[in-house]
Amino acid sequence: TCRNFSLSECQTDSTQGFRAQISSRVFGSLGLSAASSGGISSIRMTRGRAQIRKDPRDHFMLYLVLSGRVDVEQNDRQASALTGDMFLYDQTMPFSMNFYNNNRSILVNIPRALLESRLQGASRSTGRRIAGDSELGALSRSVVRQIVDFGVSSRADTEERLMHATMDIISTTLDGELGAEAQANLEQHRLLLQVQRYMLAHLHEAGIDL
């Protein structure tokens, strides 16, 4: 994991029976990895400031859970991803992940510029669950699974064009799925400001109550 993704620390209560495998390849400007682990109940992986200083790789990772459960925490956000779900995390910011039971996954290594050129404020999308059963989530999940199986002997220009199309779909999914959540938070903030203004305007009234 340190060689393929980023320098990090892994912890578990036991290594007896542990088994794991990672296979990686390049797809245009993206890195694609298929990973699996099992044999023990849980693994915790963390990447802190110390590891980031030693290993300043600058990219996002899109994580697709094929089986099992993964909990992710980054930027004060927490999410649990089950089979078919996805989430995004940023290798330049501290994070932690917990893997439970037998886990299979696909990881897409995305250079920062490639995502941020399509999605402003991409870092606000990290540490959030993208439901695999939503329309956009299902589309991205299908595309990611297909490019992993795409022929390694394909022409470089074909891969590059497909890579850009894949990035358009991923960024649209992140914007569509998580943009709705951001809009809801904005509406809540507006309501809070409205309440605050009312309270300040009526504090002198003896009859004001909850």
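Because the structure is predicted, anything quoted here is derived from the model rather than measured.
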>> Suppose we screen for side-chain hydrogen bond (donor to acceptor under 3.5 Å, both in side chains). Which residues come up paired with Arg118, at least two apart in sequence or across chains?
In response: His164, Asp168

>> Below 30° counts as parallel, above 60° as perpendicular, anything between as tilted: where do the rings of Phe87 and Tyr63 land?
In response: parallel

> For the side chain of Ser140 and the backbone of Gly137, is there at least one donor-acceptor N/O pair under 3.5 Å apart?
Replying inline: no

> Hey, are the side chains of Ile106 and Met86 touching, using non-hydrogen atoms and a 4.5 Å cut-off?
Replying inline: no

> What is the minimum heavy-atom distance between Gly132 and Arg141, and which atoms define it?
Replying inline: O-NH1, 2.9 Å

> How close do Ser8 and Met45 get, heavy atom to heavy atom, and via which atoms?
Replying inline: OG-SD, 3.5 Å

> Leu193: what forms a side-chain contact (heavy atoms from CB on, under 4.5 Å) with it, not counting sequence neighbours?
Replying inline: His189, Gln196, Arg197

>> Going by salt bridge (charged side-chain N to carboxylate O under 4.0 Å, His left out), name the residues that satisfy it together with Asp55, two or more places apart in sequence or in a different chain.
In response: Arg47, Arg57

> Are Glu9 and Lys54 close enough for a salt bridge, meaning some N to O gap below 4.0 Å?
Replying inline: no

> Is there a side-chain contact between Ile110 and Met167, using heavy atoms and a 4.5 Å cut-off?
Replying inline: yes

>> Run the salt bridge (charged side-chain N to carboxylate O under 4.0 Å, His left out) test against Arg104 and tell me which residues pass, sequence neighbours left out.
In response: none

>> Side chains of Thr173 and Asp175, heavy atoms from C-beta outward: is any pair under 4.5 Å?
In response: no

>> So, applying side chain to side chain contact (heavy atoms under 4.5 Å, CB included) with Asn4, which one of Asn109, Ile22, Leu107 is it?
In response: Ile22

> Do you know the tightest heavy-atom contact between Gln120 and Arg124?
Replying inline: O-NH2, 3.9 Å

>> Grouping I, L, V, M, F, W and Y whenever their side-chain heavy atoms are under 4.5 Å apart, do Leu66 and Ile43 come out in a common cluster?
In response: no

> Passes side-chain contact (heavy atoms from CB on, under 4.5 Å), Thr172 versus Leu139? Steps please.
Replying inline: CA-CA 10 Å; Thr172 299; Leu139 176 60; over 6 Å; no

>> Please enumerate all residues that pass side-chain hydrogen bond (donor to acceptor under 3.5 Å, both in side chains) together with Ser142, with sequence neighbours excluded.
In response: Gln146

> Rounded to the nearest 0.5 Å, how far does CD1 of Ile147 lie from CD1 of Ile169?
Replying inline: 9.5 Å

> Hey, mind stepping through Ser36 and Gln21 against side chain to side chain donor-acceptor pair (under 3.5 Å) and telling me if it holds?
Replying inline: CA-CA 5 Å; Ser36 63; Gln21 179 177 336; 5.0 Å; no

> Can you check whether Ser29 reaches Glu160 side chain to side chain, under 4.5 Å on heavy atoms?
Replying inline: yes

> If you measure from OG1 on Thr46 to CD on Glu73, what distance do you get to the nearest 0.5 Å?
Replying inline: 11.0 Å

>> Asp157: which residues meet the salt bridge (charged side-chain N to carboxylate O under 4.0 Å, His left out) condition with it, sequence neighbours left out?
In response: Arg155

> Could you give the distance from CG (Leu174) to CG (Leu62), rounded to the nearest 0.5 Å?
Replying inline: 6.5 Å

> With sequence neighbours left out, what residues match Pro111 under side-chain contact (heavy atoms from CB on, under 4.5 Å)?
Replying inline: Leu30, Leu114

>> To the closest 0.5 Å, what do you measure between OG1 (Thr126) and CD (Gln74)?
In response: 4.5 Å

> Quick one: ring-ring contact (aromatic ring centres under 6.0 Å, His included) partners of Tyr198, sequence neighbours excluded?
Replying inline: His202

>> Is there a side-chain contact (heavy atoms from CB on, under 4.5 Å) between Asn103 and Val70? Walk through the geometry before answering.
In response: CA-CA 8 Å; Asn103 183 275; Val70 182; 3.2 Å; yes

> Between Val108 and Met61, is a side-chain contact (heavy atoms from CB on, under 4.5 Å) present by the stated rule, with each step listed?
Replying inline: CA-CA 6 Å; Val108 184; Met61 298 292 292; over 6 Å; no

> Could you give the distance from CG (Asp149) to CG (Leu32), rounded to the nearest 0.5 Å?
Replying inline: 10.0 Å

> Side chains of Ser37 and Phe18: closer than 4.5 Å at any heavy-atom pair?
Replying inline: yes

> Quick one: are Glu116 and Phe60 in side-chain contact, heavy atoms under 4.5 Å?
Replying inline: yes

>> A quick test of your reading: do over 12 heavy atoms of other residues, nucleotides or ligands sit less than 6.0 Å from CD of Glu205?
In response: yes

> Under the 3.5 angstrom rule, does the side chain of Asp85 hit a backbone N or O of Arg129 as a donor-acceptor pair?
Replying inline: no

> Which residues pass the side-chain contact (heavy atoms from CB on, under 4.5 Å) test with Thr92, sequence neighbours left out?
Replying inline: Asp58, Asp90, Arg112

>> Determine whether Arg77 and Phe95 satisfy the following criterion, side-chain contact (heavy atoms from CB on, under 4.5 Å), listing intermediate values before the conclusion.
In response: CA-CA 10 Å; Arg77 293 187 288 267; Phe95 68 82; over 6 Å; no

> In Å and rounded to the nearest 0.5 Å, what is the CG to CZ distance from Asn75 to Arg128?
Replying inline: 9.0 Å

> When hydrophobic residues are tied together by side-chain contacts of less than 4.5 Å, even through go-betweens, does Val143 share a cluster with Leu88?
Replying inline: yes

>> Checking Gln51 now: which residues fulfil side-chain hydrogen bond (donor to acceptor under 3.5 Å, both in side chains) with it, not counting sequence neighbours?
In response: none

>> Could you work out, with salt bridge (charged side-chain N to carboxylate O under 4.0 Å, His left out) as the rule, every residue matching Arg69, not counting sequence neighbours?
In response: Asp71

> Any idea which heavy atoms bring Gln91 and Ser6 closest together, and the distance?
Replying inline: OE1-OG, 2.7 Å

> Can you name the residues that form a side-chain hydrogen bond (donor to acceptor under 3.5 Å, both in side chains) with Ser125, not counting sequence neighbours?
Replying inline: none

> Hey, any chance Leu7 and Met97 share a hydrophobic cluster, counting ILVMFWY side chains that come within less than 4.5 Å of each other, even indirectly?
Replying inline: no

